[in-house]
Amino acid sequence: MMIRANGPFDYGLAYDFMAQQDDCLYRAQAGTIRKAAVLDGLRVLFEVSEGSEANSVEVAILMNEGVPESTVRNYVIEWFDLEYDLDAFYRFARQDGRLGPVVETLYGYRMTCTVDMMEGLLWSVLGQQINMRFAFTLKRRLVEHFGHHIAFEGERYWLMPEPAEILALDTESMRSMQISYRKAEYIHRCADGIEAGTLSKAFLERMDDYESALAHLTSIKGIGPWSANSVLMRTLKFRNAVPIGDAGLKNAIRMTDNLEEKPDRAYIQAVTDEWGGHGAYATLYMWRVLG
DNA sequence: TGCCAGGGTCTTT
DNA sequence: AAAGACCATGGC
């Protein structure tokens, strides 16, 4: 099936970004991206590749336990953020001194979202303060520990474990994966919240006010402003969410503004205030000015 | 080798 | 309110 984006979309840019990540929950190879997922309790393996028409992707289902095609379609729309009005962002960005140059070189670049809430929260905790390479290693160890995968053509396509399974995983097992005690505790809290419903995606989606959702997320021990906004941006699609304090964003602003030192919190706040409702995509593009 | 990493909490000024 | 200690370990 083919899916067209709302406005410009460059599959190659999405592919290149995803291929350079070391994410165990999809496989990027030879221009195609394969992913296994459990959707409404049923397993499915599908493949995304460049669409035959402009600004589109092609989706092929490789293995399916009965997930409706429309469900897979909606998943891919969310994953590649194909509904976002990218032209509206560009109209704003072209008039911005920082964003103007970078949006020209990345025309059609969209966010790769994290559809699953447990995965989004897990990443927002694992990604705290450590280098990305190591964070991906930790994620891989945790995911592979549970062993859930779909085998296809001699390869394993790993599935995200359920919150209940993560909740049941003891701290010592996580420590043996080199996840710190604190992060193990935070991950348990997140899994518990999803199980209880107060951190479920459906619950937070109903909380359509940004300030309320932010306050709710940061009330969880271990979820600070950076982690909360990471989830608001990539899983809940709040377009004004910006991970304040993000190291990459600091470095990017330092570069665009030609600063001697990294900008402080007030400086960053002033910049992100200018972005307003375009903050999430402004951040996405700013990350790319570092190369 | 030392500094930095897509931070957060808790304690102390 | 702001600054410092501590966590914890890989990557470059």
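We use all heavy atoms of the structure for the numbers below, so side chains are in, but hydrogens, waters and symmetry mates are not.
A salt bridge links A/E185 with A/R189: the distance from a Lys NZ or Arg NE/NH1/NH2 to an Asp or Glu carboxylate oxygen falls below 4.0 Å.
Taking atom CH2 on A/W226 and atom C1' on B/dT9, their separation rounds to 16 Å, with Å as the unit. Rounded to whole Å, the distance from CZ on A/F134 to C1' on B/dG7 is 15 Å. The CD1-P distance, from A/I223 to B/dC10, rounds to 13 Å in whole Å. Whole-Å rounding puts the A/Q129 CD to B/dC3 C1' distance at 11 Å.
Ring centroids of A/Y109 and A/F9 are separated by 6.0 Å or more, keeping the two rings apart. Ring to ring, A/W275 and A/F89 are not that close: their centroids are 6.0 angstrom or more apart. Note: A/F46 and A/Y75 meet the aromatic proximity criterion, with ring centroids under 6.0 Å apart.
Considering only residues two or more places apart in sequence or on other chains, A/Y11 meets the ring-ring contact (aromatic ring centres under 6.0 Å, His included) condition with none of them.
The phosphate of B/dA5 (OP1 or OP2) has a side-chain N or O of A/N251 nearer than 4.0 angstrom.
When DNA chain C is scanned in the 5' to 3' direction for atoms under 4.0 Å from non-hydrogen atoms of chain A, the outermost contacting nucleotides are C/dC6 to C/dC12.
Residue-level contact check: A/N229 touches neither bases nor backbone, having no heavy atom under 4.0 Å from any strand. Note on A/R182: a base of the nucleic acid sits closer than 4.0 angstrom, heavy atoms only. Note on A/Q128: only backbone sugar-phosphate atoms sit closer than 4.0 angstrom, heavy atoms only; bases stay farther off. Within the nucleic acid shown, A/I220 comes within 4.0 Å of sugar-phosphate atoms alone, with no base atom in reach, counting heavy atoms only. Within 4.0 Å of A/R234, counting heavy atoms only, lies at least one base atom of the nucleic acid.
Which of B/dA5, B/dT9, B/dG8 sits closest to the side chain of A/K221 comes down to B/dT9.
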